[in-house]
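What you are looking at is a predicted structure, and each value in this text was computed from that prediction instead of being measured. Side-chain atoms are counted along with the backbone in the values below, which use heavy atoms only and exclude waters and symmetry mates.
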Amino acid sequence: MVSEIMLVGIGGSIGAILRYLVSGAIPKVNGIPAGTLAVNSIGSFILAAFTFTSVEGTLRFFISVGMLGSFTTFSTFAFESFKLLEEGESRYFLLNIALNVVVCLCAAALAHLIFVPY
Amino acid sequence: MNDHIFKDRALELLTIGAGGFCGAISRYLIAGLFEPAPGTLVVNVLGSILLGFLMYSSEYLGYVSPRMRMFFGIGFLGSLTTFSTFTVQTFQMPLIEAGFNIFANLTLTLAGVFTGRSIVIYLVKRREGNGI
């Protein structure tokens, strides 16, 4: 139990640092916060790949729960979307939400296509 | 000079890493109290309320140090909430349930940011009302 928590924590710190570096390297594209969109879609793809290949035990806590859980973020996504609405950019608000939901689900579908044998 | 910039950068990453460490563990423990999908919803909404409060505090209430924003905003709250788990859980649900899960996460996290902002505005008004 304690070692599980440590694995989640260490994975989480690596995921948070990577998120900061990757999302910080990507500027806004046409008012859309593309950095958050990028980490969310990359993280969703990799988590889906790990989930569909049934990684168990140590690696699951470290990579899936810790690293990938922290690499992606819902709070920043919600805040950035809210901010767009507040600034009167309601079209970008809707576009940002649609892009995050659709691109991330497509990333999961792609991982399913690649990693789950028929 | 370069050495100084490097040290600042390292400290910045260390601050975010420490926040991420605590955020991921909190997510694991809090979400673990619930079924998987509701657990993810709970941490996402909780994190959005707190991030709304933090960000609008620095905007309206005055000074929140950049290091504080890095630790709590980017590190802790960024890691407390998760989009990847939300995506994979939604993907594995039947269609109607998936639609409901997306709707619940979107509306409640946006309402969460709004709530955080409302608390800050209430505090600002109270402070002004007291003439402090």
Trainee: Does the side-chain contact (heavy atoms from CB on, under 4.5 Å) test come out yes or no for B:I102 and A:L105, once each step is laid out?
Mentor: CA-CA 11 Å; B:I102 292 170; A:L105 281 172; 4.0 Å; yes
Trainee: Could you check whether any side-chain heavy atom of A:M6 comes within less than 4.5 Å of a side-chain heavy atom of B:F21, counting everything from C-beta outward?
Mentor: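 Sidechains of B:F21 and A:M6: in contact.
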Trainee: Please tell me whether A:V39 and A:I63 are part of a single hydrophobic cluster in this structure, the criterion being side-chain heavy atoms less than 4.5 Å apart.
Mentor: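 Same hydrophobic cluster.
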Trainee: Can you tell me how far the OG atom of A:S13 sits from the CG atom of B:L13, to the nearest 0.5 Å?
Mentor: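 With rounding to 0.5 Å, OG (A:S13) is 11.0 Å from CG (B:L13).
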Trainee: Would you mind writing out the side-chain donor-acceptor pairs for residues 88-99 of chain A within the sub-3.5 Å range, not counting sequence neighbours?
Mentor:
unit_1: A:N96; atom_1: OD1; unit_2: A:N100; atom_2: ND2; d: 3.4
unit_1: A:N96; atom_1: ND2; unit_2: A:S81; atom_2: OG; d: 3.0

Trainee: Between A:V101 and A:L84, is there shared hydrophobic-cluster membership here, with clusters defined by ILVMFWY side-chain heavy atoms closer than 4.5 Å?
Mentor: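 Hydrophobic grouping puts A:V101 with A:L84.
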Trainee: Determine, stepwise, if the pair A:F77 / B:F86 fulfils ring pair (Phe, Tyr, Trp, His ring centres under 6.0 Å).
Mentor: CA-CA 13 Å; A:F77 157 73; B:F86 158 75; 8.4 Å; no
Trainee: Is A:T51 in contact with chain B via its backbone, its side chain, both, or neither, using a 4.5 Å heavy-atom distance?
Mentor: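 Side chain only.
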Trainee: Between A:G69 and B:R27, which heavy-atom pair has the shortest distance, and what is it?
Mentor: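 Reported closest heavy-atom pair: C-NH2, 3.3 Å.
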Trainee: Please classify the contact between A:F52 and chain B as side chain, backbone, both or neither, with a heavy-atom cut-off of under 4.5 Å.
Mentor: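 For A:F52, the side chain is the part near chain B, not the backbone.
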Trainee: Does one hydrophobic cluster hold both B:L11 and A:L18, with members joined at side-chain heavy-atom distances below 4.5 Å?
Mentor: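 Result: no, two separate clusters.
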Trainee: Got a sec: does the CG of B:L33 have more than 12 other heavy atoms crowding it under 6.0 Å?
Mentor: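 Atom CG in B:L33 is packed in, count exceeds 12.
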Trainee: Please classify the contact of A:A109 with chain B as side chain, backbone, both or neither, using a heavy-atom distance under 4.5 Å.
Mentor: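 Both backbone and side chain of A:A109 come within 4.5 Å of chain B.
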Trainee: With rounding to the nearest 0.5 angstrom, report the OG to OH distance, A:S70 to B:Y28.
Mentor: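 OH of B:Y28 is found 13.5 Å from OG of A:S70.
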Trainee: Under a 4.5 Å cutoff for heavy-atom pairs, which residue among A:T76, A:L7, A:V65, A:T36 has the most contacts with chain B?
Mentor: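 So the answer, after comparing A:T76, A:L7, A:V65, A:T36, is A:V65.
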Trainee: I'd like to know if B:M93 and B:V42 are part of one continuous hydrophobic network [Ile/Leu/Val/Met/Phe/Trp/Tyr, side-chain heavy atoms within less than 4.5 Å].
Mentor: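 Different clusters.
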Trainee: With rounding to the nearest 0.5 angstrom, report the OG to CD1 distance, A:S75 to B:I49.
Mentor: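 A:S75 atom OG to B:I49 atom CD1 measures 11.5 Å (nearest 0.5 Å).
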Trainee: What part of B:E59 gets closer than 4.5 Å to chain A, counting heavy atoms only: side chain, backbone, both or neither?
Mentor: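 Just the side chain, heavy atoms under 4.5 Å.
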Trainee: Heavy-atom pairs under 4.5 Å with chain A are the metric here; pick the option from B:T90, B:T15, B:N105 that has the most.
Mentor: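 With the most close heavy-atom pairs to chain A, the winner is B:N105.
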Trainee: Do any of residues 67-85 of chain B come closer than 4.5 Å to chain A, heavy atom to heavy atom, and if so which ones, in number order?
Mentor: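 Heavy-atom contacts from residues 67-85 of chain B to chain A are B:M70, B:I74, B:G75, B:L77, B:G78, B:S79, B:T81, B:T82, B:F83, B:S84, B:T85.
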Trainee: Measure the spacing between CD1 of B:I25 and CD of A:E4 and express it to the nearest 0.5 Å.
Mentor: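 Spacing of CD1 (B:I25) from CD (A:E4) equals 11.5 Å.
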Trainee: Chain A: which of B:L50, B:V113, B:L46, B:L14 shares the most heavy-atom pairs with it under 4.5 Å?
Mentor: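 Ranked by heavy-atom pairs under 4.5 Å with chain A, first place is B:V113.
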Trainee: Going by side-chain hydrogen bond (donor to acceptor under 3.5 Å, both in side chains), name the pairs with one or both residues in residues 112-124 of chain B, residues two or more places apart or in two chains.
Mentor: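 For residues 112-124 of chain B: A:E86-B:R117.
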Trainee: Taking all heavy atoms of A:C104 and all of B:T87, pick out the closest pair and write down the distance.
Mentor: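 Closest approach of A:C104 to B:T87, heavy atoms only: O-CG2, 3.2 Å.
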Trainee: Rounded to the nearest 0.5 Å, what separation is found between the OG1 atom of B:T40 and the CZ atom of A:F74?
Mentor: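 Spacing of OG1 (B:T40) from CZ (A:F74) equals 10.0 Å.
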Trainee: For B:F100, is the CZ atom crowded, meaning more than 12 foreign heavy atoms sit under 6.0 Å from it?
Mentor: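 12 or below, so no.
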Trainee: I need the contact set between residues 41-49 of chain A and chain B: heavy-atom distance under 4.5 Å, sorted by residue number.
Mentor: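 When heavy atoms of chain B are the reference, residues 41-49 of chain A contributes A:G43, A:S44, A:L47, A:A48 within the under-4.5 Å range.
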Trainee: Specify the closest pair of heavy atoms between B:R9 and A:L21, including all atoms of both residues, with the distance to one decimal.
Mentor: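 Nearest pair, atom of B:R9 first, then A:L21: NH2-CD2, 3.3 Å.
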